[in-house]
2 protein chains.
Amino acid sequence: MAEEVVLLDFWPSMFGVRVRIVLAEKGIEYEYREEDLRNKSSLLLQMNPVHKKIPVLIHNGKPVCESSIIVQYIDEVWHDKAPLLPSDPYQRAQASAWSKIENAFVWIFFVFDEILPINFINLDLNTDKKNKKLQLYNSSRGVWSTKGEEQEAAKKEFIEVLKVLEEQLKDKPFFGGETFGYVDVCLIGYYCWFYVYETFGNFSIEAECPEIIAWAKRCMQKESVSKSLPDGKKVFGFVQELKKKLGLD
Amino acid sequence: MAEEVVLLDFWPSMFGVRVRIVLAEKGIEYEYREEDLRNKSSLLLQMNPVHKKIPVLIHNGKPVCESSIIVQYIDEVWHDKAPLLPSDPYQRAQASAWSKIENAFVWIFFVFDEILPINFINLDLNTDKKNKKLQLYNSSRGVWSTKGEEQEAAKKEFIEVLKVLEEQLKDKPFFGGETFGYVDVCLIGYYCWFYVYETFGNFSIEAECPEIIAWAKRCMQKESVSKSLPDGKKVFGFVQELKKKLGLD
């Protein structure tokens, strides 16, 4: 049977990019359908009725949701080429756990308030809600501080997470070891947002975490990655456009 | 080699209970170590240095973190007895995705503010932070309302999630089909909190979602479940004690 593969996605999504990378790694042909998150297609609503989120992989008419689950699914179904998850259960559990560190990356959206409106779940957030979310972030950290202090604290936390990742990387070329694997797929999607973080946050990730940047550049040497990741400046342009639309600039 | 299995846990945790159920299902002997979440053991901090959360399974000296990952890990390592996840990749992906619906259950903590302090990550939340989190929950739903309206809306959402689950259950005895499986393990832990929800929320889950209660009772017929789940009234007592300690009653 010919495989019919459709991907519902949104180009700046670091979650969607994971699926694009894996499909490229495995050499799977597919139809790409760009979603307008402010006007979601009936196909998206039908295929992911509970969460209504991209990415959704539709394989022979059947939907698979949640980027990390989609990546594992593709790895299992097309297991002959470019395996991503180790076969040992312990190694696999560790890979799954490390990929969950992503939450720390997502939090940064709640802090650089210029970036916040690009929450991929609620693209229509307004400034009022944004301020409430900032307050929450604040409170969850147990810190009451000014916006400037906020951003400094957020940068510090972000860098700390990257340093934890650097330690995990040690002298290995990839989180997967000698080869590009599941954790690499889950983390590299954030790289196309680094330029946005750096520009709004006015800091250099490379100066703080050179090993992470070296790792990202190694990943980018893979065609499956470089062709799937949008350019950082294009993502920055998208954020600026959105800020304009939302009256935040 | 004799297997050495240690579980770091906290008895009212609906995440820890998942692991207890699976260990019982598989007939695995283990050492249970209760954690004081306000004074975490050095073993917990050493075994889960990034998230510092229970449950942690320590298998032959090596830690596995995150309840859903631990459940999958145990299912893979002890695969001969009582398999929980289907072997078909598509069915497995669906099970993983359904187990993520848990987020909707966790949100209820942010709404019944009497319950909120029992956030298992930050057991030391104070009322100030609690109110901020409520505001966030409010804002994420795009609704500005009074506390009474809040709670009504939260109940409604909670019931809606249960109804989605009931639809998924259809006429099957378990989410896993004819047998108790991964999704059942992930969801049944919430059952011991139903009495707390109902009492603080002043509503009957059974009146709204009889199929869910019938499913939970079927699960409770399994010794692995009934012996692992704490009694709902004991959990309620724990919540009341905590409220007292935090000066919230």
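What you are looking at is a predicted structure, and each value in this text was computed from that prediction instead of being measured. The chains referred to below are lettered A, B, ... by the order of the sequence lines, with proteins before strands, and numbering in each begins at 1. What you see below is based on every heavy atom in this structure, not just the backbone, and it leaves out hydrogens, waters and symmetry mates.
Residue A:Pro63 touches chain B through both its backbone and its side chain, counting heavy-atom pairs closer than 4.5 Å.
Proximity to chain B among residues 74-90 of chain A is limited to A:Glu76, A:Val77, A:Pro89, A:Tyr90, judged by heavy-atom separations below 4.5 angstrom. Chain B is approached within less than 4.5 Å, heavy atom to heavy atom, by no residue from residues 25-33 of chain A.
Chosen from B:Gln94, B:Glu160, B:Arg92, the residue pairing most often with chain A at heavy-atom distances under 4.5 Å is B:Arg92. Counting heavy-atom pairs closer than 4.5 Å to chain B, the top-ranked of the candidates A:Glu66, A:His59, A:Gln72, A:Lys62 is A:Lys62.
In terms of heavy atoms, A:Val64 sits closest to B:Ala93 at CG1-CB, 3.9 Å.
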